[in-house]
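Treat the numbers as computed from the prediction; the structure is a model and nothing was measured.
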2 protein chains.
Amino acid sequence: MTIGSLAEATQTRVETVRWYEKVGLLPPPARSSGNYRLYGPEHLRRLSFIRRGRALGFTVEQIRDLLALADDRDRSCGEVDTIARAHLADVERKLADLTRLASELREVIGQCGCGSVADCRIIEALSPLGEPA
Amino acid sequence: MTIGSLAEATQTRVETVRWYEKVGLLPPPARSSGNYRLYGPEHLRRLSFIRRGRALGFTVEQIRDLLALADDRDRSCGEVDTIARAHLADVERKLADLTRLASELREVIGQCGCGSVADCRIIEALSPLGEPA
DNA sequence: CTTGACCCTGTAGTGACTACAGGGTGCATG
DNA sequence: CATGCACCCTGTAGTCACTACAGGGTCAAG
């Protein structure tokens, strides 16, 4: 299959597929006589893995590690578990941050009576030192 | 005050202060005879505003807009409200995404018995097309 | 007069792509 | 056979919000 069909099959942009190749996530495929990339089912599997990992928020480096581990089928699954748990911890940290952020924003917005900027509660909330200028 | 004290007072890196100046968020301050930047209380207020905005997750462009609005004290607060609400909507979208992500990750991790990679549930969950290689 | 902390400019790197510019290929239609 | 068009190629630069130098200058204390 050409890069276009592979991209379509995996909901990826063509440029992104080429970029995965450049950074070594996707092995260079065979080329046609006209120098087009020609992919097989193995490439489709690997790219699907990458995209699913990205959708789950793994970094490209984490996916690189997971791919290396997945290729070594006899190895214990412990390292995979470690990467996934570290990532979950990271997601949970971001979740906590965003939750705090959202409630702070809601509070700031709730106070705004939408008068003039001079007594805007939002602007005031952003100016921790008191009155501006 | 020098750039170092300003940075310390606002929990900002010196390089970041210079960067805010370069992108036009912070006006260029006076210079000493030795070409050092010399900041006054207005710079401190403005940088505090910027940092608080960043801590609330506003983009630099949003802060640029908010600063322009804040400088125009007679204008109605409506545009400020619009920016803040748009940002809150954005944060809430990310929050929903992350929540879904975290539960998906927890599910994947919970299934892992930590045997060999060949029957690792995590790797399998990342390979939506079935068995690898 | 030297040491060390601070400051200066300018450039390049980060992550994960995205967006061209400037070309070549392949196939169907006139 | 020529032409048009969709697709492909390489390579470079841009995104966001900084961060990290390299290679120098300034200033106060000892």
Review point. Side-chain N or O of A:Thr2 less than 4.0 angstrom from OP1 or OP2 on D:dC8?
Key: yes
Exercise for review: In whole angstrom, give the distance that lies between atom CD1 of B:Ile3 and atom P of D:dC27.
Suggested key: 16 Å
Point to revise | Sugar-phosphate only, base, or nothing, as touched by A:Tyr20 at under 4.0 Å among non-hydrogen atoms | key: sugar-phosphate
Exercise for review: Write down the distance between CE (A:Met1) and C1' (C:dG26), rounded to a whole number of angstrom.
Suggested key: 18 Å
**Study point:** Donor-acceptor pair, side chain of B:Thr16 and main chain of B:Thr12, under 3.5 angstrom
**Key:** no
Practice item. Between D:dC27, D:dC18, C:dC20, spot the one nearest the side chain of A:Glu15, thanks. Key: C:dC20
Practice item. Pick base, sugar-phosphate or nothing for B:Arg13, based on heavy-atom distances below 4.0 Å to the nucleic acid. Key: sugar-phosphate
Review point. For C:dT9, does either OP1 or OP2 sit under 4.0 Å from a side-chain N or O belonging to B:Arg18?
Key: no
Check your understanding: Tell me: CG of A:Leu6 to P of D:dC9, nearest whole Å?
Key -> 11 Å
Point to revise | Sole residue of B:His87, B:Arg93, B:Lys94 in side-chain contact (heavy atoms from CB on, under 4.5 Å) with B:Val91 | key: B:His87
Exercise for review: Mind checking the CD1-CG spacing from A:Ile83 to A:Leu66? Nearest 0.5 Å is all I need.
Suggested key: 4.5 Å
Review point. What does A:Arg54 touch in the nucleic acid at a heavy-atom separation under 4.0 angstrom: a base, only the sugar-phosphate, or nothing?
Key: sugar-phosphate
Practice item. For B:Ile63 and D:dA17, give me the distance from atom CD1 to atom P, rounded to whole Å. Key: 8 Å
Review point. What's the closest nucleotide to the A:Tyr36 side chain, out of D:dC8, C:dC8, D:dG25?
Key: D:dC8
Study note, to complete from the structure: Among C:dC7, C:dA16, D:dT10, the one nearest any side-chain atom of A:Thr59 is C:dA16
**Study point:** Euclidean distance, atom CD of residue B:Glu8 to atom P of C:dC6 [Å, nearest integer]
**Key:** 9 Å
Study note, to complete from the structure: Result for 5'-nearest mapping on DNA chain D, choosing between A:Val14 and B:Phe58, is A:Val14
**Study point:** Shortest non-hydrogen contact from A:Ile63 toward A:Gly53
**Key:** CD1-C, 3.8 Å
Review point. Can you tell which of D:dC8, D:dT12, C:dC17 lies closest to the side chain of A:Lys22?
Key: D:dT12
**Study point:** Whole angstrom value for the distance that separates C1' of C:dC8 from OH of B:Tyr39
**Key:** 11 Å
Review point. Do any side-chain nitrogens or oxygens of B:Arg51 fall under 4.0 Å of OP1 or OP2 in D:dA17?
Key: no
Review point. For B:Ile50 and D:dC18, what is the distance between atoms CD1 and C1' respectively, to the nearest whole Å?
Key: 14 Å
Point to revise | Shared hydrophobic cluster, B:Leu38 / B:Met1 (ILVMFWY, side-chain heavy atoms < 4.5 Å) | key: no
Review point. Starting at CG of B:Asp90 and ending at P of D:dC16, how long is that distance when rounded to a whole Å?
Key: 14 Å
Review point. Any idea which of C:dA16, D:dC18, C:dT9 is nearest the B:Arg37 side chain?
Key: C:dT9
Revision key, fill the gap. In A:Arg46, A:Arg51, A:Glu15, the residue satisfying side-chain hydrogen bond (donor to acceptor under 3.5 Å, both in side chains) with A:Tyr20 is A:Arg51
Practice item. Tell me whether the OP1 or OP2 atom of D:dT10 has a side-chain N or O from A:Arg31 closer than 4.0 Å. Key: yes
